[in-house]
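For this chain, numbers begin at 1 and follow the sequence in order. Indexing begins at 1, ligand by ligand and atom by atom, following the structure's order. Computed from heavy atoms alone, side chains included, the values below leave out hydrogens, waters and symmetry copies.
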Amino acid sequence: MLARPSLAAGIALCLVACGDDAAPPVDRSQPADFLAELELAAIDDADPDPRVLEVTLRASITELEVVAGLTTPAWTYAGALPGPLLRVTAGDRVVVHFENDLPEPTTVHWHGIRLPAAMDGSPHSQEPVEPGGTFTYDFVAPDPGLYWYHPHIHDAAQIGFGLYGALLVDPVEPAPADLGDEVVMVLSDISIDDEGALSSPDQGGDIATLFGREGEDVLVNGRVLPTMRARNGKRQRWRVVNAAKSRYFLLGLTGHTFTRIGGQMGLLEAAEEVDEVLLAPGERADLLVTPKGDEGAIEQLMWLPFDRGYGSTEFRPPKAILEVELVGAPLDDVPVPALPATPFEPLDPAGAEQVEVRLTSAQDEEGKLILGINGVPYDGTTSLPATVGQTQLWTVVNEMEWDHPFHLHGFFFHEVNEEGAPRREWVDTVNVPRESSTSFLVRYDNRPGMWMFHCHILDHADAGMMGMVELLP
Ligand SMILES: [Cu+2]
């Protein structure tokens with residue numbers, strides 16, 4: 001509790017500050033052009049009901065200037081890179097009239113959302129949407145958090161060409177107003193040649209597949225090294241998603257720390273003060289950060305090399321991906337309000353069925369790289385059984401010399417350590433370090449159907465590191 005200043009102290013303060021020329025009120029507002037270079041596209045809501053978001057989302061090739069001076073035929077949702085920010089409140093219905101104006105089939109997957117299998121946008125939950133075709137996605141977004149949408153056919157190519165967008169689900173009880181000025185950041189990368197054309201998604205052959213192709217230009221909300229003009233010392237809340245097809249983002253802001261208040265779903269019970277934040281492909285973070293320093297200084301959000309195996313740190317210097325210009329004299333700090341944590345009740349491991357999934361690599365007779373699950377490359381015919389209401393204890397064993405970010409569609413899970421203690425956080429994607437294993441508990445609620453799981457380095461998923469759970473009623 002704050003001590004109340006004494007009357008004498010108040011008078012003393014007034015002698016300094018309450019004269020004829022009282023100091024003007026301190027400007028705590030963000031500059032008008034705060035997010036001018038970070039603006040995400042908006043989209044019209046056709047339904048007047050505040051609990052329904054109904055949009056028409058068209059995928060098409062759109063000529064954009066992604067890299068200065070070059071015109072690139074990017075693959076886009078609603079003509080924008082990234083696609084428009086979709087925003088609802090937990091429990092709202094989302095209706096997306098999807099139109100495919102691309103030259104090849106596609107789908108839209110809603111990463112992390114607990115929706116019915118038929119709305120999941122995987123190639124086993126629906127017929128692919130052919131060029132010129134349409135499909136209506138219609139589901140409820142039940143849980144607060146930052147999610148994202150992307151295709152689930154030719155994943156590495158289509159996402160690498162620009163098809164991704166953020167879906168932000170607000171909690172029913174709004175966060176405290178003074179938590180921080182919200183900024184949604186979609187991190188990605190893209191490969192563009194000297195003429196502005198998109199690079200081939202197959203270039204570099206098996207070696208590139210094995211590493212996972214990263215785009216050379218790193219993008220924050222679709223821009224190369226944008227600038228944010230920020231009120232110096234004013235707290236911000238960064239909602240960050242890694243939408244890159246292969247690139248990991250280890251993030252640091254020069255001279256600053258982050259307070260991690262949430263990850264993939266809801267708010268943590270206990271916030272964490274961290275110097276750096278790691279986001280493997282598909283992961284999200286909810287961060288408080290107070291950019292503060294000398295007036296006019298520029299702080300840099302850095303991509304830092306993260307060791308995910310051979311080639312990931314060698315000759316790869318840190319790289320600035322966003323500049324934060326500090327506007328005005330530094331403000332005094334304002335305490336972080338109490339956060340309404342999302343209730344976390346760990347799953348009971350008693351009676352959980354044990355499932356072991358190995359992430360494996362091999363070569364076929366011609367020497368071509370084959371990635372797989374338990375030695376079997378994905379071919380859409382085999383699945384692991386599960387039943388509604390069941391709890392499973394998965395152990396994902398990574399036999400390879402590179403890390404793999406593991407994603408299960410449609411269900412949150414929580415990790416357990418070797419002693420069986422839960423990590424108190426629901427996730428749908430987790431990084432499995434090389435030559436190591438990760439265990440988690442998952443409970444299947446009543447949404448039967450085919451649910452995919454795969455590595456979120458999408459070159460790996462495309463090369464076979466993908467499988468399915470068939471959830472039976
Ligand atoms: Cu992988």
Below 30° counts as parallel, above 60° as perpendicular, anything between as tilted: where do the rings of [X] and [Y] land?
| X | Y | result |
| --- | --- | --- |
| Y444 | F411 | perpendicular |
| W110 | F139 | tilted |
| H454 | H152 | perpendicular |

Seminar exercise, completed: Closest to the Cu ion (ligand 1), among the N/O/S atoms of H460, is atom ND1

For this session: Determine which of the N, O or S atoms in H404 is closest to the Cu ion (ligand 1) and give its atom name.
Result: ND1

For this session: Output yes if C455 passes the N/O/S-under-2.8 Å test against the Cu ion (ligand 1); output no otherwise.
Result: yes

For this session: State which residues pass side chain to side chain donor-acceptor pair (under 3.5 Å) with W426; sequence neighbours excluded, sorted by chain then number.
Result: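 Once residues adjacent in sequence are excluded, W426 has no partner under the side chain to side chain donor-acceptor pair (under 3.5 Å) criterion.
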
